[in-house]
Every structure is written in C-alpha cells, then in structure tokens.
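What you see below is based on every heavy atom in this structure, not just the backbone, and it leaves out hydrogens, waters and symmetry mates. We're numbering straight along the sequence, starting at 1.
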Amino acid sequence: MPIRGLIYLVDIYQAYIETHRLNLYGRTRIMLPTPKYIVFYNGTEERPDREECSLSESFTEGDGCLEFTATIYNINKGHNQELMEQCSTLAGYSTLIEMVRSYQKDGLGLAEAVDAACVYCIEHDILREFLLKNRNEVTKVLLTEYDAKKQRKMDMRDARAEGRAEGEANLLLVIEAMTKDGKAAEIPRISREPEFLKAMKDRYHIE
C-alpha cells in the first residue's frame, strides 16, 4: 500500500512542478505541499480502526534513506464512529457498501445488490442527492472495484494452481530420473526429506 502511495505522490509532485514551472536544477530550494497519505479500508478482513503501514517495512535491509507512511482508517460498520459522525459522506459510503454486502448475502447478484443498495440509500436519505445525480457512475465504479478484487483472487488461485502443477511435473521428472539411474529404492525419501529432493533436482538439473 505505501508503495502505491509513493508512486501516486511522485506523479502528483511531477505535475505540480511542471504546472508551477519549478526549476529542479537551480540553486533555490523548491518548496512542495506537505503530503499526507490516508487510505480508507472497507475490505472484508478484520482490521483495527486505525493502523499505519510504512514503506520501510518492504525494504530488504533496515538502513534505507526513504520513508513513506500510509495511515489506514477502517470505515466498515462499527469502526471509527467519531470519524463517521464528523463526515456524513464517509458514513454514507460505508452504509452503501454494507448494504451491497447484505443484499449479496440475501442471494442477489452483484449488479442487483449494488442497485438495491443505491435504492435503499436514496429512500433513507443516505447520499441521496449524490446518488440521484450519479447513480449510474457509482454503480459502474462499484462493479469495476468488485470485479478487480475478484480478478485478483482468481489470479492468486490460478498462480497457486500453476505452481502446484509445475511442482508435480518436476516431481515426476525426478522420480523418472532416479528410476533410470538405479535409485528407485531411494524414491520414498523425496517425500520425507526436502533437502534430499533438492539434491536430486540439482543432480538431474531439474528446476
């Protein structure tokens, strides 16, 4: 998450520098707007009300020269009540997402659940004016967001499946090579001893 934020920030600063025609190579110090990177979390995993994620947590060593921190607020139902009371728009969005999930649990498809959630919010004066003007756009955005999450899960599943298939294929190659090499009696060891399996892969040049 901080990595994405850093990329966004670089793009924003680049546009700011170009818009204000600032000289990156001059001797005068360039003053920039102070950044604050805030993320509103509405996923399904249980998360605290507030947490911070730092870019340095992704570094392979601990003496890096750069830091970038994302402050994450959980905006799911039951979290950050004070924040919700101060920002009716955020509270409304949280309710909209909660209703989408509720209608899905009742058996509606995603598109129908999004539409029903919009109707519910309009009828209960939640983001009413905004939804009346932008209902189609909101629906498209939510459907795109959910599809993206679904696609990421499918990609992860496919990657795991491909990894298992590749591992099984490599294992068969090892067994075949050991059999041809007169080491059939030692084949049971490859399921019990990871180091032995690795040694056999190296011996027969199997990746």
May I have the list of side-chain donor-acceptor pairs in residues 117-134 shorter than 3.5 Å, sequence neighbours left out?
residue : atom : partner : partner atom : Å
His124  : ND1  : Tyr120  : O            : 2.8
Arg128  : NH1  : Ile122  : O            : 3.0
Asn134  : ND2  : Phe130  : O            : 3.0

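- In the displayed structure, Glu82 atom CD is contacted under 6.0 Å by at most 12 heavy atoms of other residues, nucleotides or ligands.
- The heavy-atom pair separating Glu52 from Glu57 by the smallest distance is O-OE2, 4.4 Å.
- Put simply, CE on Met99 and CG on Asp106 are 8.0 Å apart, with the number rounded to the nearest 0.5 Å.
- Side-chain contact between Met84 and Lys77 is absent, with no heavy-atom pair separated by less than 4.5 Å.
- Residues Ala70 and Pro2 approach most closely at CB-CG, 4.3 Å, considering heavy atoms.
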Side chain to side chain contact (heavy atoms under 4.5 Å, CB included) evaluation trace for Leu9 with Tyr13: CA-CA 6 Å; Leu9 180 62; Tyr13 274 159; 3.7 Å; yes
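- Put simply, the side chain of Thr69 reaches to within 4.5 Å of the side chain of Glu67, judged on heavy atoms.
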Check against side chain to side chain contact (heavy atoms under 4.5 Å, CB included), Arg50 and Ile72: CA-CA 6 Å; Arg50 182 183 183 278; Ile72 306 166; over 6 Å; no
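- Screening Asn42, Leu90, Ile38, Val39 for a side-chain contact (heavy atoms from CB on, under 4.5 Å) with Tyr73, the sole residue that qualifies is Ile38.
- Put simply, CZ on Arg135 and OG1 on Thr139 are 6.5 Å apart, with the number rounded to the nearest 0.5 Å.
- With contacts defined as side-chain heavy-atom distances shorter than 4.5 Å, the pair Lys36/Thr71 does not qualify.
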Trace of the side chain to side chain contact (heavy atoms under 4.5 Å, CB included) decision for Thr44 with Arg101: CA-CA 10 Å; Thr44 56; Arg101 292 172 180 159; 4.0 Å; yes
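- In the hydrophobic cluster analysis, where Ile, Leu, Val, Met, Phe, Trp and Tyr join through side-chain heavy atoms closer than 4.5 angstrom, Val100 is grouped together with Phe40.
- Note that CD1 of Ile75 is 8.5 Å distant from CG of Leu83, once rounded to the nearest 0.5 Å.
- Contact between Leu66 and Phe59 at its shortest, heavy atoms only, is O-CE1, 3.2 Å.
- Summarising the geometry of Leu6 relative to Phe68, their closest heavy-atom pair is N-CE2, 3.5 Å, with the distance given to 0.1 Å.
- Looking at Glu98, its side chain never comes within 3.5 Å of a backbone N or O of Asn76 through a donor-acceptor pair.
- For Arg47 against His79, the heavy-atom pair with the smallest separation is O-CE1, 3.4 Å.
- Residue Leu22 is grouped with residue Leu24 when hydrophobic side chains (ILVMFWY) are merged at heavy-atom distances under 4.5 angstrom, including chains of intermediate members.
- In this structure, CD1 in Ile17 is found 7.5 Å from CD in Gln14, a value given to the nearest 0.5 Å.
- Hydrophobic clustering places Ile3 together with Tyr8 (ILVMFWY residues linked when any side-chain heavy atoms are closer than 4.5 Å, directly or through intermediates).
- Counting only heavy atoms from C-beta outward, the side chains of Tyr16 and Leu32 approach each other to under 4.5 Å.
- Contact annotation: the side chain of Asn74 never approaches that of Glu51 to less than 4.5 Å [non-hydrogen atoms, C-beta and beyond].
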